[in-house]
Amino acid sequence: MCGALRASDAGKKAVLMGWVNRRRDLGSIIFIDLRDRTGVTQVVFNRENSAAHDKAEQLRNEFVIAVIGTVKLRDKDTVNKNIATGEVELIVEELRILNDSKQLPFLPGDTVLPNEEMRLKYRYIDLRRDAMQFNIETRHKVSKAIRDYLSSQGFFEIETPFMTRSTPEGARDYLVPSRVQPGSFYALPQSPQMFKQILMISGFDKYFQIVRCFRDEDFRADRQAEFTQIDLEMTYPRVETVWGVVEGFLTAAFKAAGVDIKTPFPRMSYDEAIRKYGNDKPDMRLPAMVDIREALTPEELEELTTKFRMRKEFPVQLIRIPHAGDISGTERRTIGTYGAYNHVQGPAFVQLMTDPKRFAKDYAALSEKVAAFAKVEADDLWLLAGAANKPENAAVMDQDVQHFCEKCGFLRLDLAQKYASKHKAFEKIGDVAKDYRFLWVSDFPMFDWEKEEKAWMPAHHPFTTLHEEDFAKLEANIDSARDPKSPLGEIRALAYDVVLNGTELGSGSIRIHRQDVQRKIFQALGMSDEEAKARFGFFLEALEYGTPPHGGIALGLDRIVMILTGAESLREVIPFPKTARAVDLMVDAPSPATEKQLKELGLLIKKAT
RNA sequence: GGGGACGUAGUUCAGUUGGUUAGAACGCUGCCCUGUCACGGCAGAGGCCGCGGGUUCGAGUCCCGUCGUCCCCGCCA
């Protein structure tokens, strides 16, 4: 292989096959960098071998060739330290051109990348690039390590159907029309949720699957129409049992990629995550926000909130960007301008104090106290965010503390992005403990209030169980599905997320295994028996036949590999990804169906007007 | 559904307050070159300035629309 030859191979005969990565034609001597998956070797055509040399003059970029020759140790001054095979070269005796190539839209060996549209259209060329080969290799190693680990722990990998029916995941389904039953559709699974629970009922007490899932929503850098999950489920687990399994296979997966992570991961409640980070998937590489109210006397708080027109019954969050250094006055004034950043949009119900220098001048004692309380360091950039005190604006006054914290959390992230080159928290430094900040977030709310539906909906999915001590609260408020003020919002689920560097890697829960509890949840959701039966009848029936307690989790394989390879988007770690509009630019999918296909399926296309 | 960025040789980009023949680098073609490794030198080919409309004496540049790509909000456990 092109990456295999070493100094110890000198003198041996060798056959290499690969692509012409680059040619350097010096007249009587021609150098070709020959490339395959394993690397690059320099092959040499001398004039002495005129047959091979003459043929080599025809070689162009990305021709596929075979060369037979002798491995030669390079002279000391011609060694190339940049490549693994740099100590040797192959002196060619015979050249065979296995295939030519017309001019390519871009070259795998190019130093500048073409834009993504081009890369996706000619994905087969893009995938030849070193970086993509590395990403796909890492992906293979990671999934193999996970398979091996889970198998060693007694898990069976079991396949579940792709052509199935809608599951209660909340996202839009991709539908597949049935030919034999016109008018009926299969749904592609958003996750194998109900099947894996059925497998628990079926006695396969430890299941996993590395499985494709499909969601028809809008896409982002970290969201694709089809993506791969490491899905698992087990019987009789406590929350910690599931966490242990996940920590185990992640350790194996990261080790396969050369990273030794430490377990157990830190833990945090959903409540704390929102309060301190304004986010349910906190990026622990950045400092938490600090509510500075408790550092102040009531008089000081009054003074501060009056001065900056903040509401004192809301947190006053100190947001700190480490080592941002001095920034200009203009920058300080525009720092909280809405729309200036990616995340923060909408009405300004966050009131900012963005000029700590001036604050220190006007209120020296107060400023010092606040900075000390939040452990601000000398070259940190910091600002205070409070809830805007504008009684004339009802929309602003209507917001709750959680919403306020989330806005602050967005601001925290936007600022961190803006000053990334200064604090360098997003750059990998080779210190595993700082490069990979894992976190378990638990005790998610059981129900979310959905404004559009004007009802409480499951925050996770309706098969998630709740904290035992919150059971009374559920029973007391079981008929308040349409009351936005209902204490249903306070009920905590036995649900958890695993988070890495601000990315949600996976989400899971302990499930409901008793039919009576399940019925109560549906009742609390305002769902009638008939409706529940129509949607999940088969599943509810299965629950009645001796269902063991069970729970599990699913993690995004693509996201894991993305973070491990340092990729900026999922598209870098998925061989054939789709664009933000869910188009595959290489095969040009989706595409219209033919009249014949539509007729067979009993479908009529309503023309867009 | 909404906000933002972008679209100019094969590719990556530059193109000034609207002004003559739209440039560079890499790639491509030909020639020269025996130690290069992002080889070098000389010569050359290559453009519906995304598409459609408008303003103007004149549009790559200004305006409107449209298509496409990317990032974000909403949405998505």
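Quick caveat, the model's predicted, so the values are computed rather than measured. To find a chain, count down the sequence lines: A is the first, B the second, and so on, and within it residues start at 1.
Taking atom CD on A/Gln417 and atom C1' on B/rG4, their separation rounds to 14 Å, with Å as the unit. Atom CZ of A/Phe410 is separated from atom C1' of B/rC72 by 9 Å (rounded to the nearest Å). As a whole-Å value, the separation of A/Arg220 CZ from B/rC76 P is 12 Å. The separation between A/Tyr174 atom OH and B/rC76 atom P is 15 Å, rounded to whole Å. The separation between A/Leu411 atom CG and B/rC73 atom C1' is 15 Å, rounded to whole Å. We find that NE2 of A/His461 is positioned 10 Å from P of B/rA77, with the value rounded to whole Å. In this structure, A/Asp588 atom CG and B/rU69 atom P are separated by 10 Å, rounded to whole Å. Taking atom CD1 on A/Ile125 and atom C1' on B/rG27, their separation rounds to 13 Å, with Å as the unit.
The partner of B/rG35 cannot be assigned: no Watson-Crick or G-U wobble pair with both contacts below 3.5 Å exists in any strand. Shown here, B/rU56 forms no base pair; nothing in the strands shown gives a Watson-Crick or G-U wobble contact with both key distances under 3.5 Å. Across all strands shown, B/rG30 forms a Watson-Crick or G-U wobble pair, both distances under 3.5 Å, with B/rC42. Nucleotide B/rC75 forms no Watson-Crick or G-U wobble pair with any nucleotide shown, as no partner meets the under 3.5 Å limit on both distances. B/rU66 is paired with B/rG50 under the Watson-Crick or G-U wobble criterion, all donor-acceptor distances under 3.5 Å. Look at B/rA22: it lacks any Watson-Crick or wobble partner with both distances under 3.5 angstrom.
Using modelled atom types, one side-chain atom of A/Asp110 and one backbone atom of A/Leu107 make a donor-acceptor pair closer than 3.5 Å. Listed for the A/Glu247 side chain is a donor-acceptor partner under 3.5 Å among the backbone atoms of A/Phe265. Proximity of a side-chain donor or acceptor of A/His460 to a complementary backbone N or O of A/Tyr496 within less than 3.5 Å is not detected. Put simply, the side chain of A/Arg412 never gets that close to the backbone of A/Met289: no donor and acceptor are under 3.5 Å apart.
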Contact list (N/O, under 3.5 angstrom) for nucleotides 41-43 of chain B vs protein:
none

What's touching nucleotides 34-37 of chain B from the protein side, N or O pairs under 3.5 Å?
| from | atom 1 | to | atom 2 | distance (Å) |
| --- | --- | --- | --- | --- |
| B/rU34 | OP2 | A/Ser28 | N | 3.4 |
| B/rU34 | OP2 | A/Ser28 | OG | 3.2 |
| B/rU34 | O4 | A/Glu48 | OE2 | 3.2 |
| B/rG35 | N1 | A/Glu89 | OE2 | 2.9 |
| B/rG35 | N2 | A/Glu89 | OE1 | 2.5 |
| B/rG35 | N2 | A/Glu89 | OE2 | 3.0 |
| B/rU36 | O2 | A/Arg24 | NE | 2.7 |
| B/rU36 | O2 | A/Arg24 | NH2 | 3.4 |
| B/rU36 | O2 | A/Gln42 | OE1 | 3.3 |
| B/rU36 | N3 | A/Gln42 | OE1 | 2.8 |
| B/rU36 | N3 | A/Gln42 | NE2 | 3.0 |
| B/rU36 | O4 | A/Gln42 | NE2 | 2.8 |
| B/rU36 | O4 | A/Arg74 | NH1 | 3.3 |
| B/rC37 | O4' | A/Arg24 | NE | 2.9 |
| B/rC37 | O2 | A/Gln42 | OE1 | 3.3 |
| B/rC37 | O2 | A/Asn80 | ND2 | 3.1 |
| B/rC37 | N3 | A/Arg74 | NH1 | 2.7 |
| B/rC37 | N4 | A/Arg74 | NH1 | 3.4 |
| B/rC37 | N4 | A/Thr78 | O | 2.3 |

Give each protein N/O atom lying under 3.5 Å from an N/O atom of nucleotides 66-68 of chain B, with the pair distance.
| from | atom 1 | to | atom 2 | distance (Å) |
| --- | --- | --- | --- | --- |
| B/rG68 | OP1 | A/Arg581 | NH1 | 3.0 |
| B/rG68 | OP1 | A/Arg581 | NH2 | 3.3 |
| B/rG68 | O2' | A/Glu117 | OE2 | 2.6 |

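Side-chain nitrogen and oxygen atoms of A/Arg571 include none within less than 4.0 Å of the OP1 or OP2 phosphate oxygen of B/rU69. Considering only side-chain N and O atoms, A/Asn61 lies nowhere under 4.0 angstrom from the phosphate OP1 or OP2 of B/rG27.
Residues A/Glu217 and A/Arg172 are paired through a salt bridge, judged by an N-O separation under 4.0 Å between the basic side chain and the carboxylate. Using a cut-off of 4.0 Å between Lys/Arg side-chain N and Asp/Glu carboxylate O, A/Asp222 and A/Arg220 are scored as not salt-bridged. With respect to A/Asp100 and A/Arg60, no salt bridge is recorded, no charged nitrogen being found less than 4.0 Å from a carboxylate O.
A/Ala10 pairs by the side chain to side chain contact (heavy atoms under 4.5 Å, CB included) definition with A/Leu73, not counting sequence neighbours. Partners of A/Lys72 under the side chain to side chain donor-acceptor pair (under 3.5 Å) rule, at least two apart in sequence or in another chain, are A/Glu89.
The shortest heavy-atom contact between A/Ile321 and A/Ala416 is CD1-N, 3.7 Å.
Rounded to whole Å, the separation between the P atoms of B/rG68 and B/rG54 comes to 23 Å. Taking the P atoms as reference points, B/rC67 lies 29 Å from B/rG47, given to the whole Å. Annotation: B/rG53 and B/rC71 have their C1' atoms spaced 30 Å apart (nearest Å). Atom name P, nucleotides B/rC73 and B/rU55: the rounded distance is 41 Å, in whole Å.
Atom-to-atom distance recorded for A/Gln197:CD and A/His550:NE2 is 3.5 Å, nearest 0.5 angstrom. Here the CG-OG distance, from A/Asp558 to A/Ser569, works out to 10.5 Å after rounding to the nearest 0.5 Å. The line from OG of A/Ser191 to CD of A/Gln209 is 10.5 Å long, rounded to the nearest 0.5 Å.
Relative orientation of the A/Phe539 and A/Phe463 rings is tilted, given thresholds of 30° and 60° on the angle between their planes.
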**Request:** List the protein contact pattern of nucleotides 5-14 of chain B with one symbol per nucleotide (5' to 3'): B for base contact, S for sugar-phosphate-only contact, - for none; contact means a heavy-atom distance under 4.0 Å.
**Result:** -----SSS--
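Comparing B/rC76, B/rU29, B/rA77 against the side chain of A/Ser191 picks out B/rA77 as the nearest. Comparing B/rC75, B/rC71, B/rC28 by their closest approach to the side chain of A/Glu217 singles out B/rC75.
Contact annotation: the side chain of A/His461 approaches that of A/Arg511 to within less than 4.5 Å [non-hydrogen atoms, C-beta and beyond].
A/Glu116 pairs in a salt bridge (charged side-chain N to carboxylate O under 4.0 Å, His left out) with only one of the listed residues (A/Lys121, A/Arg571, A/Arg123), which is A/Arg571.
Heavy atoms of A/Arg60 sit under 4.0 angstrom from primed sugar atoms or phosphate atoms, though from no base atom.
Judged by distance alone with a 3.5 Å cut-off, a donor-acceptor contact links the side chain of A/Arg223 to the base of B/rC76.
With the nearest nucleotide of RNA chain B identified for both A/Arg23 and A/Lys281, A/Arg23 has the one nearer the 5' end. Remark on RNA chain B: of its neighbouring residues A/Ser569 and A/Gln229, the 5'-side contact belongs to A/Ser569, judged by nearest-heavy-atom nucleotide.
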